[in-house]
Structures are given as C-alpha cells and as structure tokens.
Novice: 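Questions regarding the structure given below will be posed in turn.
We count ligands from 1, going down the list as the structure has it; atoms in each ligand are counted the same way. The figures here come from the full heavy-atom set of this structure, side chains too, leaving out hydrogens, waters and symmetry mates.
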Amino acid sequence: MTSSIYIAGKWRPALDGAVREIRSPADGTLVATVSDGKIEDALAAIGAARSAFDSRVFSSWSWNDRSSLLAKIADLLERDAEIIAHLESGDTGKRIIESTYDVADVAATFRHFAKLASAHHDRSVDSGLPHVTSKMTYEPIGVCSLIGPWNYPLLQISWKVAPALASGCSFVLKPSELTPSTAIHLIKLIEEAGAPEGVANLVTGSGAAFGDTLTSDPRVDLVSFTGGLPTGKRIMIKAADTVKRVALELGGKNPNIIFADAPLDEAIDFAVTAAFLHSGQVCSAGTRLIVERPIHDQIVNEIVRRAKQIRLGGPNDLTAETGPLISEGHLKKVEEYLAKGLEEGAKLLVGGSRCTSEELSQGWFFPPTVLDDCNTNMYCVQEESFGPILTVEVFDTIEEAIKIGNDTIYGLSGAVWSTNPITCERVSSELRHGTIWVNDYGPYKPQAEWGGFKASGNGRELGEHGLQEYLEIKHIWVNNSPTRSGWFADRN
Ligand code: NAD
C-alpha cells in the first residue's frame with residue numbers, strides 16, 4: 001500500500017513520494033510496499049492530531065461512547081483475525097498460529113480498555129466544608145506519539161492505541177519500519193469503527209528519519225515507546241525540553257531460577273520455551289538460566305537435547321516450531337553477541353552459527369543456542385541478544401540466586417521454580433523485576449500491569465495504570481457560598 005500514511009482521515013503517500021519495501025525475513029519475498037514518511041509527514045500528522053484534540057471532537061465523547069468505540073474495534077479485529085494474522089506473519093516471519101494468538105490478545109486488549117472506560121468516573125474528595133464540593137476529574141492528556149517495535153508489532157501498539165482512544169486522546173502512530181502492515185490495518189478498522197477525523201494518525205517510515213520529530217515537537221504531550229534501551233534514552237532527552245510525559249517499555253535480561261526441588265520436567269520444558277519462543281525475540285524471554293548446582297548437568301543436558309529438536313521454518317512451513325530473526329542486521333548482531341560470549345569463556349553446547357540448509361538459507365535463521373559456564377561479569381549475561389541464546393549460571397544458596405537474578409541493569413521479568421512455598425515467596429518478593437512467575441513462565445493478562453523496574457522502562461502498560469498513563473488528573477474545588485478570606489487586612 002503505497003499510500004499508507006493516514007492524516008486527518010485521509011490516506012496518502014509520503015510527501016516526497018518515497019516508498020519502502022517490506023520483505024519476509026523467512027525467505028526474502030516482497031510482502032508489502034509502503035510509504036516511507038519523513039519529517040514533513042510527521043509534522044502534518046502531529047498538526048492533525050493537535051487540531052482534533054483542541055477541537056474537543058473526541059475528548060467530549062462520554063466514557064461510555066468511547067468504550068463502545070473500543071468494543072467495536074475489538075469486534076472488527078475478530079472479524080479480520082485471519083487477514084491480520086497473515087499480514088503479521090508476512091512482516092515478521094513468525095508462524096501463523098503465533099500471529100493468530102497475537103490477534104486474539106489484541107482484541108482482548110481493546111475489550112479490557114473498553115471495560116475500564118465504561119466503569120470510569122470522577123472521584124469526590126471530602127473537602128471538610130459543608131458549602132464546598134471537591135472532586136477529581138480525569139481528562140485525556142492530549143496528543144500522543146505512539147512508537148512500536150517489530151517483535152510483536154500489533155500487540156505492542158495495541159497496548160498504547162487502546163488506552164489512548166479510551167481516554168479521548170489524539171495520536172500519531174509509528175510502527176517499526178520493518179513491520180508496518182498490521183498497524184495500517186488497525187487504522188483502517190479504527191476508521192471503520194467511527195473515530196473522528198484527526199484522532200488516529202499514522203506515519204510509516206523509519207525512526208531515524210522522523211523519530212525525533214515525534215518525541216520533541218511541542219504540540220505532543222506524551223510519548224509512549226516500546227523498543228530498545230538506546231532509543232528509549234534518546235527519547236527521554238528529546239522529550240525533556242517540553243517536559244512531556246514519557247512511558248517506556250524497554251528491554252529485559254530475564255532470570256529464570258530453578259531450585260533443585262523444582263518440578264524438573266515442567267521447569268525444563270518452560271525453560272526451553274522461555275528462551276526459544278519466537279527465536280528469543282521477546283522482551284521477557286528467559287535468556288538467563290540460573291540453576292542450583294546439583295541439578296545443573298541434568299537440566300542443561302535435557303535443554304540441549306530439546307533445543308536440537310526445535311524445527312525452524314517460515315510461516316508457510318506447517319511443521320515449523322519457530323521462525324527467523326527479523327533482519328540480516330539483527331542476525332549479524334546476534335552473531336557478534338555470541339562471538340563475544342565465546343571470547344569471554346562461555347562454553348557452546350548447541351547451536352552457534354546461522355542456518356545454511358537449502359530451505360532456510362534465503363531467510364535470517366539462527367538455531368537455538370546454549371552457552372554454559374557463564375557468570376554475571378560477562379557481556380553475554382548482562383546484555384540482551386534478542387535472539388535464541390540461553391546463558392547458564394549456577395548458584396549454591398537462595399541468597400546467591402537472588403543476587404544473580406538482580407545483577408542486571410534491567411528489571412522486566414523473571415521466574416522461580418521450586419516446590420517450597422517459602423523459597424518461592426522470598427525469591428518473588430526480592431527479585432526487582434516488573435513481573436515474576438512462580439513455577440510458570442510467560443503468561444500475562446490485559447488486566448495486570450506490565451512494565452519494568454530500572455532500565456527496563458518507565459510507567460506501566462495494561463491493567464488500570466495503563467489507562468492512567470493517558471490521563472491528566474484535575475482537582476475541581478467548588479465553593480457554593482464564598483466569603484472573604486480575611487487573610488490580609490483590608491485597610492480602606
Ligand atoms: P528500536 O529501539 O530499534 O526501535 C523501536 C521503534 O523506535 C521503531 O519503531 C523505530 O523506528 C523507532 N525509533 C528508532 N529511532 C527512533 C528515534 N530516534 N526516536 C523515536 N523512535 C525511534 O527497537 P526494536 O529493535 O524495534 O525492538 C527491540 C527492542 O524492543 C528490544 O530491546 C526489546 O527488548 C524491546 N521490547 C520491549 C518490550 C517491553 O514490553 N518492555 C516489548 C517489545 C520489545
């Protein structure tokens with residue numbers, strides 16, 4: 001779609017006419033051609049969002065009406081689920097079944113925020129004075145720049161678009177330049193559901209070209225970003241000049257801690273999934289396996305055996321269990337990361353070099369890889385590879401397990417496996433990460449807040465807080481019987 005920029009209710013090409021080809025990471029085939037927006041396009045989109053917001057065309061809708069809009073979008077997502085899943089798999093190379101699960105989660109996200117919006121109300125505050133009423137009102141924050149990543153393209157932007165609409169904001173959406181197709185489709189559904197012109201705007205193209213415009217323009221009130229740490233830091237700096245609200249969902253280096261008394265069969269199975277699902281391109285991937293010394297060999301041997309069996313392939317290969325990395329550039333980064341780990345003394349147990357078999361050589365496939373003999377001083381333990389690389393560390397005491405699990409600049413998620421409830425309770429309370437799974441790995445619910453401690457980000461998405469992020473809170477004090485204050489003497 002070469003007219004994939006949507007501003008003030010109209011689809012159009014980039015002002016300079018540039019287009020960008022989107023190619024499948026699984027086999028290099030052309031899956032879409034989209035407009036390649038630039039600064040001028042972003043400025044026009046921000047202008048449209050600002051005008052729509054200032055006109056109150058949408059913020060004046062009742063909470064119930066906005067709730068109905070979200071419910072309608074959820075219905076349309078479910079109607080188009082198959083189309084959307086194919087678009088998502090085309091851009092990302094992930095299996096159709098995974099994209100299908102993602103679309104269901106996106107619809108559930110819209111339904112969650114629809115429900116929150118329908119229940120939303122102002123709050124009265126006890127003024128302590130009979131002639132005064134005092135209340136807190138919740139108003140949309142204004143114009144939002146919503147910037148998404150490529151790993152779960154539609155899901156991650158839905159966590160921003162749904163609360164922005166629920167609260168009555170206007171926005172400019174910028175999906176990753178690698179995976180824009182489902183964002184384009186979502187905007188079509190928002191249009192079909194009846195959002196007023198100028199409320200939802202979309203600019204496709206690269207962050208390097210116009211990201212700074214979206215994050216520094218004075219007409220923008222909030223930036224919500226999901227992506228890498230370096231981009232997140234840059235956004236905070238760009239947004240500082242106009243003191244914008246900034247919500248960041250950044251990376252993770254997530255500990256998966258297994259004690260010797262854990263249900264081992266299940267722990268091993270989930271450790272494999274946590275590390276290699278979507279070829280490790282998951283912010284909450286369990287890429288740091290931390291095992292109690294006596295069970296190290298048993299756990300690692302079994303994980304290696306399982307890793308060797310994982311079948312790689314593109315969306316059209318129905319026997320595939322996981323897909324490719326997103327791009328050649330990302331594959332090279334994963335290779336460099338692995339090379340550093342080996343230089344540092346990590347021991348390669350399985351995987352380790354890109355897939356060159358005939359059926360995979362046209363795509364960016366990297367096999368499940370396990371590095372043993374790791375410790376917290378290593379680059380490969382501290383830095384996110386965002387690929388299918390699992391590092392293994394050992395511990396001897398619960399204190400050591402917690403220390404290792406917290407020895408990271410990140411704090412997104414982690415897991416603890418043990419049959420001892422006291423162990424689980426202590427580890428889950430002392431790990432400094434935004435989500436902790438006990439004898440499980442990976443589930444999340446739209447009703448529960450998601451986000452990171454430390455360098456994993458600022459703020460929370462989903463849950464109730466995910467809506468608060470898009471609201472300004474105002475205190476309205478009404479004196480129904482004003483009298484003089486008498487503070488200063490009136491000398492006349
Ligand atoms: P990225 O930071 O390279 O890009 C993310 C988005 O930012 C893209 O849309 C990109 O175009 C845009 N961008 C680039 N430069 C920009 C700039 N100067 N200003 C504004 N926007 C700019 O990240 P990525 O490679 O797309 O995603 C991978 C990263 O995302 C990983 O680190 C991963 O952990 C993280 N992630 C985190 C979560 C979470 O919930 N915490 C979820 C998914 C991904």
Side-chain angles (χ1 to χ4, degrees), residues 20 22 25 34 36-39 42 46 91-92 102 105 109 144-160 172-180 182-183 202-217 220 223-239 244 246-254 277-287 325-327 329-331 333-334 337 383-387 408-413 433-435 442 444 448-463 466:
R20 173 181 289 268
I22 309 298
V34 299
D36 197 24
K38 303 286 166 13
I39 289 175
I46 294 168
D91 284 4
T92 60
D102 291 351
D105 283 2
T109 300
C144 308
S145 289
L146 309 179
I147 304 172
W150 46 258
N151 58 338
Y152 288 89
L154 187 62
L155 185 63
Q156 296 294 336
I157 60 172
S158 76
W159 295 5
K160 306 176 190 305
V172 179
L173 174 63
K174 196 208 95 57
S176 165
E177 54 271 45
L178 301 171
T179 55
T182 47
L202 169 73
V203 184
T204 49
S206 95
F210 62 88
D212 289 352
T213 308
L214 294 180
T215 57
S216 62
D217 191 292
V220 171
V223 181
S224 179
F225 168 78
T226 300
L229 178 57
T231 319
K233 287 181 182 174
R234 182 181 176 99
I235 287 173
M236 285 189 102
I237 293 166
K238 293 289 166 191
K244 299 184 197 314
V246 177
L248 302 173
E249 294 289 344
L250 307 175
K253 193 69 199 175
N254 311 292
L277 174 79
H278 195 14
S279 287
Q281 300 168 114
V282 181
C283 53
S284 53
T287 50
L325 298 180
I326 190 68
S327 65
H330 186 46
L331 174 58
K333 273 196 209 155
V334 170
Y337 172 99
E383 293 299 323
E384 196 185 29
S385 74
F386 224 53
T408 161
I409 59 165
Y410 294 107
L412 188 60
S413 62
H433 297 263
T435 296
Y444 79 97
E449 278 78 359
W450 176 266
F453 286 32
K454 303 194 279 181
S456 286
N458 269 338
R460 292 291 181 272
E461 297 196 294
L462 301 178

Novice: So if I count the atoms of ligand 1 from 1 in the order they appear, which ones are less than 4.0 Å from some heavy atom of Glu384?
Specialist: 31 (C), 32 (O), 33 (C), 34 (O)
Novice: So, is Gly205 polar-close to ligand 1, with some N/O to N/O distance under 3.5 Å?
Specialist: no
Novice: Work out whether the distance between some heavy atom of Phe225 and some atom of ligand 1 is less than 4.0 Å.
Specialist: yes
Novice: Give the residue, atom name and distance (to 0.1 Å) of the protein heavy atom nearest atom 11 (O) of ligand 1.
Specialist: Glu177 OE1, 2.5 Å
Novice: In ligand 1, which numbered atoms sit nearer than 4.0 Å to a non-hydrogen atom of Ile147?
Specialist: 6 (C), 7 (O), 9 (O), 12 (C), 20 (C), 21 (N)
Novice: Tell me whether Lys160 is salt-bridged to Glu461, with the criterion being a basic N under 4.0 Å from an acidic carboxylate O.
Specialist: yes
Novice: Is a donor on one side and an acceptor on the other found under 3.5 Å between the side chain of His278 and the backbone of Ala285?
Specialist: no
Novice: Give the residue, atom name and distance (to 0.1 Å) of the protein heavy atom nearest atom 39 (C) of ligand 1.
Specialist: Cys283 SG, 3.3 Å
Novice: Identify, for atom 25 (O) of ligand 1, the protein heavy atom at the shortest distance, and state residue, atom and that distance.
Specialist: Trp150 NE1, 2.8 Å
Novice: Lys174 heavy atoms, cut-off 4.0 Å: which ligand 1 atoms fall inside?
Specialist: 9 (O), 10 (C), 11 (O), 12 (C)
Novice: Without swapping roles, check the side chain of Arg460 against the backbone of Ala247 for a donor-acceptor pair under 3.5 Å.
Specialist: no
Novice: Does His330 reach the side chain of Gln281, with side-chain heavy atoms less than 4.5 Å apart?
Specialist: yes
Novice: Students often mix this up, so state it plainly: with edges at 30° and 60°, are the rings of Trp159 and Tyr444 parallel, tilted or perpendicular?
Specialist: tilted
Novice: Compute the shortest N/O to N/O distance between Gly228 and ligand 1 and return yes if it is under 3.5 Å, no if not.
Specialist: yes
Novice: Can you pull out the closest protein heavy atom to atom 3 (O) of ligand 1? Residue, atom name and distance to 0.1 Å, please.
Specialist: Thr231 OG1, 4.0 Å
Novice: What atoms in ligand 1 come closer than 4.0 Å to a heavy atom of Asn151?
Specialist: 43 (C), 44 (C)
Novice: Starting from atom 14 (C) of ligand 1, locate the nearest protein heavy atom and write down its residue, its atom name and how far away it is, to 0.1 Å.
Specialist: Gly207 CA, 3.6 Å
Novice: Does some non-hydrogen atom of Leu214 fall short of 4.0 Å from ligand 1?
Specialist: no
Novice: Please confirm whether Gly452 comes under 4.0 Å of ligand 1, counting heavy atoms of the residue only.
Specialist: no
Novice: Is the number of heavy atoms from other residues, nucleotides or ligands within 6.0 Å of NZ (Lys38) greater than 12?
Specialist: yes
Novice: Among all protein non-hydrogen atoms, which one is nearest to atom 18 (N) of ligand 1, and what is the separation to 0.1 Å?
Specialist: Asp212 OD1, 3.2 Å
Novice: Cut-off 3.5 Å, side chains only: do Tyr152 and Asp105 have a donor facing an acceptor?
Specialist: no
Novice: Give a yes or no on whether the backbone of Leu146 and the side-chain of Ser224 come within a donor-acceptor separation of less than 3.5 Å.
Specialist: no
Novice: Which of the numbered atoms in ligand 1 are below 4.0 angstrom from a heavy atom of Leu412?
Specialist: 41 (N)
Novice: Where does His330 meet ligand 1, judged by heavy-atom distances below 4.0 Å: at the side chain, the backbone, both, or neither?
Specialist: neither
Novice: Under 3.5 Å, N or O to N or O, is Thr215 touching ligand 1 that way?
Specialist: no
Novice: Would you mind listing which atoms of ligand 1 come within a distance below 4.0 Å of any non-hydrogen atom of Gly148?
Specialist: 5 (C), 6 (C), 8 (C), 9 (O)
Novice: Measure the shortest side-chain to side-chain distance between Val223 and Leu214 over non-hydrogen atoms and say whether it is less than 4.5 angstrom.
Specialist: no
Novice: For atom 20 (C) of ligand 1, what's the nearest protein heavy atom and its distance?
Specialist: Gly211 CA, 3.4 Å
Novice: Starting from atom 27 (O) of ligand 1, which protein heavy atom do you reach first, and at what distance in Å?
Specialist: Pro149 CB, 3.6 Å
Novice: Going by atom types alone, do Lys454 and Thr408 pair a side-chain donor with an acceptor below 3.5 Å?
Specialist: no
Novice: Pro175: heavy atom below 4.0 Å from ligand 1, yes or no?
Specialist: yes
Novice: At a 4.0 Å threshold, what atoms of ligand 1 neighbour a non-hydrogen atom of Arg234?
Specialist: 18 (N)
Novice: Counting only N and O atoms by type, is there a donor-acceptor contact under 3.5 Å from the side chain of Lys174 to the main-chain atoms of Gly205?
Specialist: yes
Novice: Tyr410: which residues meet the ring-ring contact (aromatic ring centres under 6.0 Å, His included) condition with it, sequence neighbours left out?
Specialist: none
Novice: With a cut-off of 4.0 Å, which atoms of ligand 1 are near a heavy atom of Trp450?
Specialist: 40 (O)
Novice: Please check if any side-chain donor atom of Ser413 sits under 3.5 Å from a side-chain acceptor atom of Asn254, or the reverse.
Specialist: yes
Novice: Taking side chain as C-beta onward, heavy atoms only, is Thr92 less than 4.5 Å from Pro153?
Specialist: yes
